[in-house]
Amino acid sequence: MTNLDASAIREVERLTHDAEPIVTAAAEGQGVYFTRAPDGSLVKHRAPLDFQDVQVYDLDSLTRAASEAVEDGNAHTLYVHDNGVTLVQETDVERWTATLPLPTHPAFKLLSDWQQTTPMTQRELVRVLRTQLSYYVDATVIPTFSSLRMTSSSDGTSSITPSSQGLDRRIVKKVEAEQGRDVPEYIVFTPPVYDIPEDRDEEYAVKVYVEFDHDKERFLLLSVHDDLRKAREKAVAKIIASLRGTFDGALTVLYGQPK
């Protein structure tokens with residue numbers, strides 16, 4: 001048996017350390033490794049993950065990507081938020097996402113813009129109803145507003161009232177006789193919230209109040225904020241429920257955003 005002196009032992013230890021410059025430990029989790037300092041101690045490091053992100057354009061494509069990730073064992077979490085759905089996938093050295101943007105439907109965006117009082121002439125209002133909102137309003141609304149004539153203020157004082165009170169009573173009676181209903185003081189629209197294939201056939205009720213400015217001869221439109229908020233919440237909840245039903249616990253679905 002060969003006896004080694006102290007210097008030889010230290011040299012063997014040095015060579016052993018140098019031969020293993022990077023050390024990993026399974027208990028530390030992914031991306032964590034250690035390097036050896038000159039004195040032989042371990043210094044902890046965390047490797048940055050390699051991000052590889054993609055974007056999809058319908059919920060079906062995102063669901064397919066998530067199903068494949070579940071089968072591969074890489075699926076981490078599905079995050080649903082007001083502006084999109086994000087699938088997070090991870091391995092020991094990579095993290096990547098697949099994101100479905102949730103663009104606001106043009107009709108819902110228009111009603112959202114009316115949270116600030118919006119003045120319109122009769123012609124402008126009828127044009128908007130016909131070209132942008134006809135699919136999302138009762139069929140009697142457009143002919144009702146298109147057949148009206150407004151009276152201007154005769155005394156020069158400012159007067160703003162609900163639309164039915166801002167019209168000549170003879171005209172109101174004529175409209176009632178022709179259309180079979182009163183001039184509405186508010187209009188209920190039922191647009192979808194999101195402009196994606198899976199949501200375009202959904203209906204969410206939003207009430208818009210209609211007043212009439214006598215002096216300026218303008219309709220004043222004002223959407224109910226609470227209706228808009230509830231509509232978006234219902235649309236998001238529907239997407240979350242659909243995804244949770246699809247994966248039935250195999251993949252975590254949360255209301256939030258990944259960092």
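- Listed for the Thr97 side chain is no donor-acceptor partner under 3.5 Å among the backbone atoms of Asp53.
- Around atom CG of Asp72, more than 12 heavy atoms belonging to other residues, nucleotides or ligands sit under 6.0 Å away.
- Within the 3.5 Å criterion, the main-chain N or O of Tyr194 finds a donor-acceptor partner in the side chain of Asp199.
- Note on Leu111: it does not cluster hydrophobically with Leu222, by side-chain heavy-atom contacts below 4.5 Å among ILVMFWY residues.
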Verdict with supporting geometry, Glu233 and Arg229, salt bridge (charged side-chain N to carboxylate O under 4.0 Å, His left out): CA-CA 6 Å; Glu233 288 176 350; Arg229 177 185 59 80; 3.1 Å; yes
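- In this model, no donor atom of one side chain and acceptor atom of the other lie less than 3.5 Å apart for Gln89 and His76.
- For residues 111-131, every residue pair satisfying the salt bridge (Lys or Arg N to Asp or Glu O under 4.0 Å) rule, not counting sequence neighbours, is listed here: Lys109-Asp113.
- With sequence neighbours left out, the ring-ring contact (aromatic ring centres under 6.0 Å, His included) criterion links Tyr79 to no other residue.
- Remark: side-chain polar atoms of Glu198 are paired, donor with acceptor, to backbone N or O of Asp60 under 3.5 angstrom.
- For Arg200, the CZ atom is densely surrounded, since the number of other residues' heavy atoms within 6.0 Å is greater than 12.
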Audit row: Phe108, Phe189, ring pair (Phe, Tyr, Trp, His ring centres under 6.0 Å) steps and yes/no: CA-CA 9 Å; Phe108 191 82; Phe189 296 92; over 10 Å; no
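- Side chain of Ser134 to backbone of Thr131: no donor-acceptor contact under 3.5 angstrom is found.
- Environment of CG in Asp201: sparse, with no more than 12 heavy atoms of neighbouring residues, nucleotides or ligands closer than 6.0 Å.
- The closest side-chain donor-acceptor pair between Tyr255 and Asp82 falls under 3.5 angstrom.
- A donor-acceptor contact shorter than 3.5 Å links the side chain of Gln122 to the backbone of Phe145.
- Using a distance-only test at 3.5 Å, with no hydrogens or angles considered, no donor-acceptor pair links the side chain of Ser242 to the main chain of Lys238.
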Trace of the side-chain contact (heavy atoms from CB on, under 4.5 Å) decision for Leu62 with Leu78: CA-CA 10 Å; Leu62 187 68; Leu78 265 170; 4.1 Å; yes
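- Taken together through direct or relayed side-chain contacts under 4.5 Å among Ile, Leu, Val, Met, Phe, Trp and Tyr, Ile196 and Val85 form part of one hydrophobic cluster.
- Taking the ring centroids of His105 and Tyr136, they lie under the 6.0 Å cut-off.
- Between the side chains of Ser61 and Asp58, at least one donor N or O sits under 3.5 Å from an acceptor N or O.
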